[in-house]
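For reference, the structure discussed in these notes is given below.
Note: hydrogens, waters and symmetry copies are ignored here, and every other heavy atom, side chains too, is used. Note that this is a predicted model, so its numbers are computed, not measured. Chain identifiers are assigned alphabetically (A, B, ...) following the order of the sequence lines, protein sequences preceding nucleic acid strands; residue numbering begins at 1 within each chain.
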Number of protein chains: 2
Amino acid sequence: MHKQEVTIYDVAREAKVSMATVSRVVNGNNNVRKETRDRVMKVINRLHYQPNAVAQGLASKRTTTVGLIVPDLTNLYFAELSKGIDDIALLYKYNIIMTSIENRLMKEDQAIQSLLNKQVDGVIYMSNRLPREAADAFKRTDTPVVLAGTKDNREEFPSVTIDYKKADTEAFNLMYNDGKKNLALVIGDPKAVVNDENRIPAYKQFMKEHNLGAGHVYTGIKDHSDGYNIYSQLVKDGIDGVVVTRDITAVGILNSAMDAGKKIPEDLEIVTASATQIASVVCPALTAIRQPLYDMGAVAMRMLTKLMNSEKVDNIHMELPYELLKKQSTLNH
Amino acid sequence: MHKQEVTIYDVAREAKVSMATVSRVVNGNNNVRKETRDRVMKVINRLHYQPNAVAQGLASKRTTTVGLIVPDLTNLYFAELSKGIDDIALLYKYNIIMTSIENRLMKEDQAIQSLLNKQVDGVIYMSNRLPREAADAFKRTDTPVVLAGTKDNREEFPSVTIDYKKADTEAFNLMYNDGKKNLALVIGDPKAVVNDENRIPAYKQFMKEHNLGAGHVYTGIKDHSDGYNIYSQLVKDGIDGVVVTRDITAVGILNSAMDAGKKIPEDLEIVTASATQIASVVCPALTAIRQPLYDMGAVAMRMLTKLMNSEKVDNIHMELPYELLKKQSTLNH
DNA sequence: CAATAATTTGCAAGCGCTTACAGTTATTCT
DNA sequence: AGAATAACTGTAAGCGCTTGCAAATTATTG
């Protein structure tokens with residue numbers, strides 16, 4: 001890569017001012033006489049001067065970039081969160097360095113280190129587990145971090161979520177009132193904080209309070225085919241109502257049931273705990289806990305901008321309202 | 001943001017070498033005696049030294065970041081492309097600065113300028129139109145660009161695609177052989193290069209060659225509800241077979257037809273021209289042109305690494321093989 | 001063992017910008 | 001008008017690293 005074509009020096013020379021003044025103009029500093037500002041601006045436009053953000057970053061120690069740590073790009077849950085993040089980032093003129101960590105080529109903390117080396121001003125973290133090393137790295141560099149759609153088990157880091165416990169309980173209650181008593185929970189990673197500390201406890205508590213026995217928690221069910229395959233087990237276990245975390249997984253169960261000639265929702269009620277586009281385009285449409293994903297992303301990013309500016313944030317654990325959207329995979333829609 | 005805790009100076013001092021030597025060690029330069037290297041490495045580990053990528057970027061004029069320009073994150077077509085890109089970027093140790101340009105808050109060329117200011121070493125461009133200003137900006141800074149899943153109309157920039165014409169023709173042929181003669185094409189932006197120069201001409205040519213009349217090209221149909229709503233028009237126009245660019249749109253048509261009590265594929269055959277997860281999880285599953293999206297992304301990124309290294313690239317317009325996956329939305333699956 | 005070549009290392013000049021601080025000019029006030 | 005104050009501009013020291021070049025060290029050779 002060759003030397004930059006036009007630098008702040010060139011502008012300074014042409015405008016007959018010092019580079020400090022040009023810098024002030026570029027950064028919108030008020031301490032410049034209007035007349036001077038105009039002259040400089042004219043030169044900037046004439047030469048098509050564009051500041052080198054890397055040099056700015058080095059000198060100012062702020063890069064106006066934020067790191068985005070996402071488990072899987074092709075999971076619409078994260079894509080929709082990201083969209084909210086992206087919009088607010090744009091609004092505040094931050095660029096996003098995206099790091100997907102599903103990849104086993106690089107250990108997660110390496111990925112995070114690489115992000116930190118790039119001197120990001122902050123990080124939005126979306127994975128469902130925050131490893132110790134990662135947390136330490138964040139604290140060591142005191143880079144602000146906000147968790148979006150997830151939590152850490154110590155609640156050390158700011159987060160934006162919904163009330164998972166309440167939402168799940170509501171979902172189970174819906175099915176319970178439809179007369180379904182063999183309720184089950186289908187999740188991915190049982191060690192994910194949201195599952196471990198919210199969904200599973202909510203389920204157990206619900207079962208207990210309604211004297212429904214121990215119940216069944218199916219774990220490690222992550223994608224469409226996992227969902228498709230687990231259905232036979234649900235049948236064996238006599239399940240008649242299920243909350244499924246991912247909607248694509250729920251669709252797997254749905255399709256499997258349909259292929260087996262079963263009736264949804266009569267034979268099995270399905271509620272997905274995180275609705276994306278997919279939940280609404282399948283047939284029958286899935287009853288879903290609609291998390292305000294876009295908003296969650298937006299709020300998380302907004303919170304991060306405050307933290308990066310050392311502004312006070314009154315509530316670092318935001319819970320946004322959700323909706324229980326009744327569709328055709330439950331009876332009383 | 002406070003001053004960096006441990007810098008190359010600290011390491012140099014502790015290891016009793018010059019910072020030049022530390023730099024060489026960090027960058028894997030061979031011209032360092034093994035003994036010295038080990039000593040430096042030991043200090044690096046002890047102090048947990050991490051190079052500041054911003055300073056490296058400024059000094060070396062290479063940031064090891066690439067810009068990713070994507071129209072819509074929540075469109076799985078782009079998400080799957082991005083995944084391929086991301087994996088290869090990781091492999092070559094590039095970070096990705098993601099810029100979504102669907103947003104009207106910022107004009108596209110501003111977004112690109114902001115990326116260029118960040119001194120990205122290269123760009124992967126996925127939007128279906130490359131505005132003149134953007135192309136100029138790329139050329140002015142001679143930043144290598146690769147188009148993934150799209151083309152520019154002058155074929156100035158390297159690209160990775162499939163043979164859209166051939167694929168579409170094959171799709172129409174499939175339906176034609178099923179006895180469908182009122183074939184139509186449903187697309188989004190008619191000015192998108194792929195539509196304007198590939199899909200539409202392929203369609204027109206097919207209709208002409210088979211004496212099927214002028215046919216119908218429905219444009220501006222972009223999402224599920226557009227698809228849902230256009231269905232009645234298809235009925236009016238007596239369409240019995242249709243190629244739809246986006247699968248979510250195809251699903252809209254599908255759902256609309258089902259809701260109207262029609263039979264798919266008997267009453268209407270549907271082929272989607274770009275299959276994502278969605279095409280395969282709906283019921284009936286959609287016959288689809290399966291573009292190797294992940295691979296296209298990976299190949300595009302690989303090509304970009306070569307261009308960034310000034311290596312020779314023998315074929316800058318790669319066409320990857322596609323598959324016509326016959327499912328239940330056409331007759332002879 | 002000196003002479004030459006090859007290998008290691010250090011020096012120092014940047015990369016393009018920000019930002020205290022000091023210096024200059026313009027404005028206000030008595 | 002002259003002092004005090006405010007507004008503006010320039011100076012120069014970094015930010016943390018890379019890299020060409022020269023110096024120093026080590027290896028090779030006749």
Applying side chain to side chain donor-acceptor pair (under 3.5 Å) to Y9(B) and not counting sequence neighbours gives none
On DNA chain C, check which nucleotide each of Y9(B) and R24(A) is closest to and give me the residue with the more 5' one. Y9(B)
Residue whose closest nucleotide on DNA chain C lies nearer the 5' end, A59(A) versus K16(B): K16(B)
Length of the CD1-P vector between I8(B) and dC17(D), whole Å: 5 Å
Send over the distance from Q119(A) CD to dC17(C) C1', rounded to a whole Å. 16 Å
Give a yes/no on whether any side-chain N or O of T21(A) is located under 4.0 angstrom from OP1 or OP2 of dG10(D). yes
Value in whole Å for how far the C1' atom of dC17(C) lies from CG of N29(A): 14 Å
With the side chain of A55(B) defined as its heavy atoms from C-beta on, choose the nearest nucleotide among dT9(D), dC11(C), dC17(D). dC17(D)
Phosphate contact (dG10(D) OP1 or OP2) by S18(A) side-chain N/O below 4.0 Å: yes
Nearest heavy-atom pair of I101(A) and P71(A): which atoms, and what distance? CG1-CA, 3.9 Å
Suppose the criterion is salt bridge (charged side-chain N to carboxylate O under 4.0 Å, His left out): which pairs have a residue in residues 90-102 of chain B, not counting sequence neighbours? K83(A)-E102(B)
Give a yes/no on whether any side-chain N or O of K61(B) is located under 4.0 angstrom from OP1 or OP2 of dT19(D). no
What residues, two or more places apart in sequence or in another chain, satisfy side chain to side chain donor-acceptor pair (under 3.5 Å) together with T64(A)? K118(B)
Of the listed nucleotides (dG16(C), dT19(C), dC11(C)), which one gets closest to any side-chain atom of S60(A)? dT19(C)
Describe the nucleic acid contact of V26(A) in one word from base, sugar-phosphate, nothing, applying a heavy-atom distance below 4.0 Å. nothing
Can I get a per-line list of side-chain donor-acceptor pairs under 3.5 Å for residues 310-318 of chain A, giving both atom names and the distance, sequence neighbours left out?
residue: N315(A); atom: OD1; partner: H317(A); partner atom: N; Å: 2.9
residue: N315(A); atom: ND2; partner: H317(A); partner atom: O; Å: 3.4
residue: H317(A); atom: ND1; partner: S159(A); partner atom: OG; Å: 3.0
residue: H317(A); atom: NE2; partner: E155(A); partner atom: O; Å: 3.4

Holding to side chain to side chain contact (heavy atoms under 4.5 Å, CB included), I want the full list of residues that pass it with R129(B), two or more places apart in sequence or in another chain. D189(B), K191(B)
Short side-chain N/O contact to dT18(C) OP1/OP2 from N27(A), under 4.0 Å: yes
For atom CG of N52(B) and atom C1' of dT18(D), their distance in whole Å: 13 Å
Describe the nucleic acid contact of V22(A) in one word from base, sugar-phosphate, nothing, applying a heavy-atom distance below 4.0 Å. nothing
Starting from C1' on dC17(C), measure out to CG on N117(B) and report it in whole angstrom. 13 Å
Just checking K139(B): does its NZ atom have more than 12 heavy atoms from other residues, nucleotides or ligands closer to it than 6.0 angstrom? yes
Scan the side chains in residues 293-308 of chain B for donor-acceptor partners under 3.5 Å anywhere in the protein, sequence neighbours excluded, and list what turns up.
residue: Y294(B); atom: OH; partner: D87(B); partner atom: OD2; Å: 2.4
residue: R302(B); atom: NE; partner: Y92(B); partner atom: OH; Å: 2.8
residue: R302(B); atom: NH1; partner: T305(B); partner atom: OG1; Å: 2.5
residue: R302(B); atom: NH2; partner: Y92(B); partner atom: OH; Å: 3.4
residue: T305(B); atom: OG1; partner: R302(B); partner atom: O; Å: 2.5

Round to a whole Å and report the spacing from CE of M19(A) to C1' of dA13(D). 11 Å
Contact list for DNA chain C against residues 32-42 of chain B - heavy-atom distance below 4.0 Å: V32(B), R33(B), T36(B)
Without decimals, in angstroms, what is the distance between Q56(B) CD and dG14(C) C1'? 16 Å
Sequence neighbours excluded, the answer for side chain to side chain contact (heavy atoms under 4.5 Å, CB included) partners of V193(B) is K151(B), N153(B), E197(B)
Check whether any side-chain N or O of S23(A) sits under 4.0 Å from OP1 or OP2 of dC17(C), and answer yes or no. no
Separation of N31(B) atom CG from dA23(D) atom C1', in whole Å? 15 Å
Heavy-atom pair with the smallest gap, counting every atom of G57(B) and V54(A): C-CG1, 4.0 Å
To the nearest 10°, give me the bend of the helix from dC1(C)-dG30(D) to dT30(C)-dA1(D), comparing the axes of its five terminal pairs at either end. 30°
